[in-house]
Structures are given as structure tokens and as C-alpha cells.
Protein chains: 2
Amino acid sequence: MLDTALSLFTRKGYFNTSLQDIRKESGISIGSIYHHFENKEDLARNLFHSLLERFEASVQQIVADHGDCRSRCRAVMKDMFDIAGDHPEMMIFILYARHREFMPHERTICSARPFEITREFIRQGMDDGEIRPMDTWVAASALFGGAVRIIQLHLDGALPDALDSYFEQTWEAGWRAVAA
Amino acid sequence: MLDTALSLFTRKGYFNTSLQDIRKESGISIGSIYHHFENKEDLARNLFHSLLERFEASVQQIVADHGDCRSRCRAVMKDMFDIAGDHPEMMIFILYARHREFMPHERTICSARPFEITREFIRQGMDDGEIRPMDTWVAASALFGGAVRIIQLHLDGALPDALDSYFEQTWEAGWRAVAA
DNA sequence: GTCTATACGAGGATAGAC
DNA sequence: GTCTATCCTCGTATAGAC
């Protein structure tokens, strides 16, 4: 059910997806949906949190597997590209949707755990001299902003080539922007 | 009327803004709105295009005023910061809204003129040796991706300080990412 | 060109059987 | 826990007077 909702939300947008649509595509009746969730917004919120959790687990794993800031950052960016390639719906829903419009009570996405963790080890990289001294927000934006843009272009169908083929250049540009 | 619509669309989102809302806040009756526009989507589209035109004029002016790629890019980024500071609604509507959801027939924003012009003089900067050889999409993303992220963070209320105070660092990081 | 009144449909939500 | 049937609000859009 969540899978169907995710697929529809990202293809048509939250507001263009009716519960009827979800019922038709998932085969689950509206009554059942309301048995599991309070309402449509609650459904979206659950979906959102489950995706964030997967993301967070991913980032935690990366932190555990890599010791220095540079390889952590690179692994996170690679992960973003992989997810965008394999599960574009996930990526769209996480970083492309205007969550505030349909989940007004949710905190803004950048205060979500995986993003906090990332900023945290960027700050650490700065202390260790891997990253030049600068504002943490600027560093995180400069490092990953290019990747986010490229992924959005890809999701919009604007890029001529496969997403993967842009990774190396995007990574190098991002790192150049902040490397000490 | 367009001003009211812009304000409401950016505050509450397109789908959360009813024609009643626009009527109440602008004082103009729904009948009148339909006299000027075909429907709600048409209203949004007109708004969108008028904003893009202002943006394009701005970029054209910058190209005319500056000769080299570096100062052009810097001026464009400064312009983005200025607009985001002075008219946040404009900025939100242009680069933050999921236009496809309510204007399904509109081409994706990155194919809009001002963005094309920008990519064009980036390509030129590459030919002139100001920017290191790389994919044009990657270059544009790396250069401005960080700025877009910072502006979004600002619009989300996530940044502790005034937007302006982040400009210098953001610009330098962006340029470092692509400079030859 | 601007207004009021109203038609009409869609979609979120609920009740209650099984 | 899943279903069907139904309610009811709300929002888009139109008709037609001034």
C-alpha cells in the first residue's frame, strides 16, 4: 500500500492523487486505508518517515564503514546517485516534494536525522583540517548542492546521458568547493 | 491580482489556495478572475511566465554589463540572493515549486530562457579557459547548486543568520568547484 | 468588465455489514 | 481487518444581471 502511494505521489503529486487512485492501483479498499492510517496526510507522513529511516540507516552504515570525512562524503553522494538511479520515486519524495504543503506540521527536511548526521561529520572534517574553515551550512550546501541539482535534472529528464556517468565530475566539483 | 495569487501560492501552496482565498485577499470576485484567465492553472501559468521574464531581463542585463564568465556568474548569483532577500515569494515560486504538479503542460524549468542563457555563457567560459573542461550541466549545477541550497535553507527558516551574510562564502565555494 | 448566485463534481471521510 | 455504500464539504467553473 505504501509502495503504491509512493509511486502515485511521485508520479502525479500528492494533491493529484486521490484515495480512489490508491485504491484502484493497490486493490486495497478505502475503508482499509482508513483502518491503518488516520487520514491521507497521516499516510504520507508514515511513508515519509519510513523513507527517512532507510536513508538514515544508510548514512549510519557509511559513517561506520569509513573513517575520514572525504570518503564519507563521497560515499553519501554515491548513495544518493544510486538511490536516484534505482528508486527514483524515493529520491523524488524525499528531496523534491514540497512537504510543507501537505504535511504542515512536519519539521523541515533539513532538520531530519540523516541530514544532521551528515552536517555533523562535515563539521568534524573541518576540525580535522580536511575541509577548509567555513560555515557548516555553506559547506554542506556547496558539497552536495551540485549533486542534488544534477539528480533533479536527471529526474526531470533533462540530462542526455545516464545519471551514473555524471557522478565522478559532480563529486570532484563538490569536493573541490570545500577541500582545504 | 497576480500579486495576491503569488503571495498565497507561495505561503500555502497552489493546491491549498482556493479561488475563494484569492477573492478574499484581493477583493476581486471569482467571476472577474475567470474573465481574465481561462482557469486556475492558466492564472498560475501567467504568473510563472511573468516572473521568468523579469528573471530573464535581469540575466540579459548582467550579460551586457559584464564581459567575463566569472563576473557574470558572480552577478547572477548575487542577483539570486538579492531576489530571495527582497522578494522571497518570487524565488520560492520560481525555483521551489513543483510546477509540473499544477502545470503539467509546461516545460521543465531548467529549459527556461534565463537558465539556458546562463548555461550558454558557462560553456563560453569553458572555451575561454576560465572554467575547467567538464560537462556543462555538471558545471552549472556545481556552480549554482550550493547557492540554490542555501537559499532554500533560508526560505525554510533553517539559517541562523541573514541570507546576505552567506553570499561571499557560497560564491567562493561555487567558483572553486569549477574554476580552471 | 465586474459582480452574485448557483450548478456540479470530486474527493475525503464515516458507518456498519461481514 | 477488509469491504461497500453513503455522506457532505469544498472548490472549480458557469450563467447571467448590471
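In what follows, chains are A, B, ... by sequence order, proteins preceding strands, each numbered from 1.
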My understanding is that only residues two or more places apart in sequence, or in another chain, count here; which of them pass side-chain hydrogen bond (donor to acceptor under 3.5 Å, both in side chains) with [X]?
X        : answer
A:Asp86  : none
B:Arg11  : B:Ser7, B:Glu25
A:Asp161 : none
A:Ser29  : none

Would you say A:Arg45 has more than 12 foreign heavy atoms packed within less than 6.0 Å of its CZ?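 Buried by this count: over 12 neighbours within 6.0 Å.
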Could you tabulate the donor-acceptor pairs under 3.5 Å formed by side-chain atoms of residues 58-65 of chain B, not counting sequence neighbours?
residue: B:Ser58; atom: OG; partner: B:Asp79; partner atom: OD2; Å: 2.8
residue: B:Gln61; atom: NE2; partner: B:Asp65; partner atom: OD1; Å: 3.1
residue: B:Gln61; atom: NE2; partner: B:Asp65; partner atom: OD2; Å: 3.4

Basic-acidic side-chain contact under 4.0 Å: A:Arg113, A:Glu56: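 Here A:Arg113 pairs with A:Glu56 in a salt bridge, since their nearest N and O are under 4.0 Å apart.
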Describe, in one word, how the ring planes of A:Phe102 and A:Phe93 are oriented to each other, choosing from parallel (under 30°), tilted (30 to 60°) and perpendicular (over 60°).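 Taking A:Phe93 first and then A:Phe102, their aromatic rings sit tilted (interplane angle of 30° to 60°).
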In degrees rounded to 10°, what angle is found between the helical axes fit to the five outermost pairs at each end of the helix from C:dG1-D:dC18 to C:dC18-D:dG1?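 Nearest ten degrees gives 0° for this helix.
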Close approaches to DNA chain D from residues 1-28 of chain A, in residue order (heavy atom, under 4.0 Å):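 Residues of residues 1-28 of chain A that come under 4.0 Å of DNA chain D are, in numerical order, A:Gly27, A:Ile28.
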Neighbours of DNA chain D within residues 29-40 of chain A, by heavy-atom distance under 4.0 Å: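 Under 4.0 Å from DNA chain D: A:Ser29, A:Gly31, A:Ser32, A:His35, A:His36.
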Restricting to ring pair (Phe, Tyr, Trp, His ring centres under 6.0 Å), what partner residues turn up for B:Tyr34, sequence neighbours left out?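 If we apply the ring pair (Phe, Tyr, Trp, His ring centres under 6.0 Å) test to B:Tyr34, skipping adjacent residues, there are no hits.
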Non-neighbouring partners of A:Phe115 that pass ring pair (Phe, Tyr, Trp, His ring centres under 6.0 Å), sequence neighbours left out: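 Testing A:Phe115 for ring pair (Phe, Tyr, Trp, His ring centres under 6.0 Å), a comparison that skips the adjacent residues, returns none.
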Would you give the length of the straight line joining atom CH2 of A:Trp137 to atom CD1 of B:Ile150, rounded to the nearest 0.5 angstrom?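 One gets 8.5 Å once the value is rounded to the nearest 0.5 Å.
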Which nucleotide of DNA chain D is the first, and which the last, in the 5' to 3' direction, to come under 4.0 Å of a heavy atom belonging to chain B?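 Counting from the 5' end, contacts occupy D:dG11 to D:dT14.
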Please collect all side chain to side chain donor-acceptor pair (under 3.5 Å) contacts where either partner lies in residues 165-180 of chain A, sequence neighbours excluded, each pair once.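 Found A:Arg74-A:Glu168.
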